[in-house]
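Worksheet: one structure, shown below.
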Amino acid sequence: MTNKGAAWVAIGVFAVLAIGIAAWMWMDRVGDEAAAPSTTTSNNQPSASNLNQTEDIVAAEGTTVDIMNGEFVTPNVKIKKGDTVTWTNSDNIEHSVVADDSGNTGGLPTDVQMFGPGETFSVTFSKAGKFNYHCVPHTGMRGTVEVTE
Ligand code: CO
């Protein structure tokens with residue numbers, strides 16, 4: 001085979017590879033688009049108290065505070081008025097979320113509502129302010145939710 005012939009074979013192989021990769025990427029992109037709606041739906045968690053506020057359902061992503069090894073993993077969160085915070089118990093014991101100040105709860109409970117391993121607890125905040133909370137019976141577990149307008 002001449003050098004020229006070998007060069008044409010190389011170009012042919014390269015072209016087939018390029019078309020193959022382009023087709024594969026295009027199919028992958030189409031697959032992602034098809035999967036996207038279900039991902040969006042699973043993140044949308046409207047609660048009974050914000051069903052009347054349609055603009056907030058669209059804007060509210062929902063904030064999650066994980067509980068692990070006897071700690072609120074992200075103890076200080078900032079959210080917008082109307083947003084929901086969901087605490088997820090990824091620990092192997094029960095925990096609770098209780099307002100520090102019963103006169104300024106922002107919607108946090110003032111009574112002890114224990115939730116166990118794998119369970120979640122949600123509060124929708126409809127008032128701006130800074131709301132401190134703790135876990136009963138673990139007084140060292142503390143957190144703050146800052147709600148802006
Ligand atoms: Co606790």
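All of these numbers come straight from a predicted model, not from anything done at the bench. Order of listing sets the numbers, starting from 1, for every ligand and every atom in it.
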Which N, O or S atom of His95 lies nearest to the Co ion (ligand 1), by name
ND1

Is there a side-chain contact between Val98 and Leu108 in this structure, where contact means two heavy atoms from C-beta onward sitting under 4.5 Å apart?
no

Can you confirm whether the side chains of Thr88 and Asp66 place a donor and an acceptor under 3.5 Å from each other?
no

Nearest N/O/S atom of His138 with respect to the Co ion (ligand 1), by atom name, please.
ND1

Contacts of type side chain to side chain contact (heavy atoms under 4.5 Å, CB included), residue Asn76, not counting sequence neighbours
Thr144

Applying the side chain to side chain contact (heavy atoms under 4.5 Å, CB included) test to Val147, which of Val77, Asp83, Ile79, Val85 qualifies?
Ile79

Met141 near the Co ion (ligand 1): N/O/S under 2.8 Å
yes

